[in-house]
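Report on the following structure.
Bear in mind that the values here come from a model prediction, so they are computed numbers and not experimental data.
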Amino acid sequence: MTSASVEGNLQEVRRGTVVLAALLLLREPGYGYSLLEALGAAGIQVDANTLYPLLRRLEQQGHLTSQWDTSESRPRKFYRTSDAGDELALTLLTEWDRLDGALRALREPT
Amino acid sequence: MTATAATLTDRYLHALGRAVPAGQRDAVVAEVRERIADSIDARIADGVAQEVVEQVVLTELGDPDRLAAAYLDRPLQLIGPKFYLTWWRLLKLLLAIVLPCVAGGIAIAFAIRGDSIGEIIGGVWSITLTTAVHLAFWTTLVFAVLDRASRGEWVGGRRLSAQETAELSDLGDPWTVDRLPVIESPETRLSRAGVIATSAMGAVFIAFLIAQQFNPFLRDAAGAPVPLLEPGLWSWLLPYLIVVTAIDIAINVGVYLQGRYNWWSAIAHAAVSLAFTIPALWVWSTGDLVNPRFLEIFPDGAGADWMRITGIVVGIVWAGVVAWDLVDQFRRAERGRVA
């Protein structure tokens, strides 16, 4: 198996986790780069080219709310998980736990 | 921040803004401006030199048009997976129906108009090519517009992502098993009736060539028979056609005895078919095939005019039939090989 195919499969698994992790982290307001670092520190690997457009999409879908903070020297867009976003996070978490249980069961030697 | 670096960022944001619709431009540009500034700070903290840091960050961001597409969830393809199959099937169907009709129609029209062979071939080629380009272009344009118009649909109070849109069912009715193609029973074996029919037709043709020379139905004033075909052709073409027809019969019988079509039979059939058609069509097109004395029987030169129009239509249809027969032979050989 080539390393490229391994990488591709890993990305498939990780893809959905970024949304969930972002929704959970943004229960406390945060801006793009702070979230990128927080995700990295939390062990969720994500590319900036994925995260920034993702934040925009989640906002358009109503799962995040945003506000420009102009009190600093540089204006930054702060995102926060909305009620709908909380609900989505809960749904995703439930599904994640269910999948985790299912994969654990599969992993057990029969 | 140096003046040069600031210029690079401004130029990048300017290029980005041009790729974003006016309604969203300010929002997207502001977001990317924040992202660039934060990325530069992070890169400097990583130890990247001040002079090159902006260039490094912008290079990482990549093509502004591509970045805009990512932010706007806009497709970077002409026709997405939702419409691709419908587009491809429709295009193939259109080309298969329209192009042969156009080519045949143009050939007949130009030939009746009295154009030379070269003019006809050139006209058919250029008009058929133009038609193909137009068909492909307009069909593709319609689907590209459709693809963009149907994206970002609002379903359940929110906008669908590109991926979700792609997963929607194809144009029209959803696919069902009824759409599965029927497996054609491969006619890889030549039936006995088929061989007899083909051989009989060959024999009838040879008989016709000989019989028309002693045409019992048409007599001139002196009571001598008027052959339908130019008698001078007995010096080469007519005996040649008889031999080729006999070879064709032999090949058919050979294929039947062998049991199935294969590449050799297809190639042999193609060679014989072309060996027959090319000289015959050539003489037919020059008008030397038919006996001039035969045409004199018709009053007021109507025979010549009649021969001209009929000759054109028959010649082109003849060429079309031979071309289709060749394709069919190779298709059968292909199926016979697979079977």
Anything under 30° is parallel, anything over 60° is perpendicular, the rest tilted; go ahead and classify A:Tyr52 against B:Tyr71.
parallel

Given side-chain contact (heavy atoms from CB on, under 4.5 Å), test B:Val29 with B:Arg33 step by step and report yes or no.
CA-CA 6 Å; B:Val29 168; B:Arg33 188 189 300 278; 4.2 Å; yes

Which side-chain N or O atoms in residues 28-45 of chain A pair as donor and acceptor under 3.5 Å with protein atoms at least two apart or in another chain?
residue: A:Ser34; atom: OG; partner: A:Tyr31; partner atom: N; Å: 3.0
residue: A:Ser34; atom: OG; partner: A:Tyr31; partner atom: O; Å: 2.7

Ring pair (Phe, Tyr, Trp, His ring centres under 6.0 Å) partners of residues 7-27 of chain B, not counting sequence neighbours, each pair once:
none

List for me each residue that meets side chain to side chain contact (heavy atoms under 4.5 Å, CB included) alongside B:Ile267, sequence neighbours excluded, and say none if there are none.
B:Phe330

Assess the side chains of B:Asp325 and B:His269: does a donor N or O sit below 3.5 Å from an acceptor N or O?
yes

Within residues 133-140 of chain B, which positions have a heavy-atom distance to chain A below 4.5 Å?
none

Between B:Ala30, B:Ser39, B:Ala42, who has the most heavy-atom pairs with chain A when the cutoff is under 4.5 Å?
B:Ala30

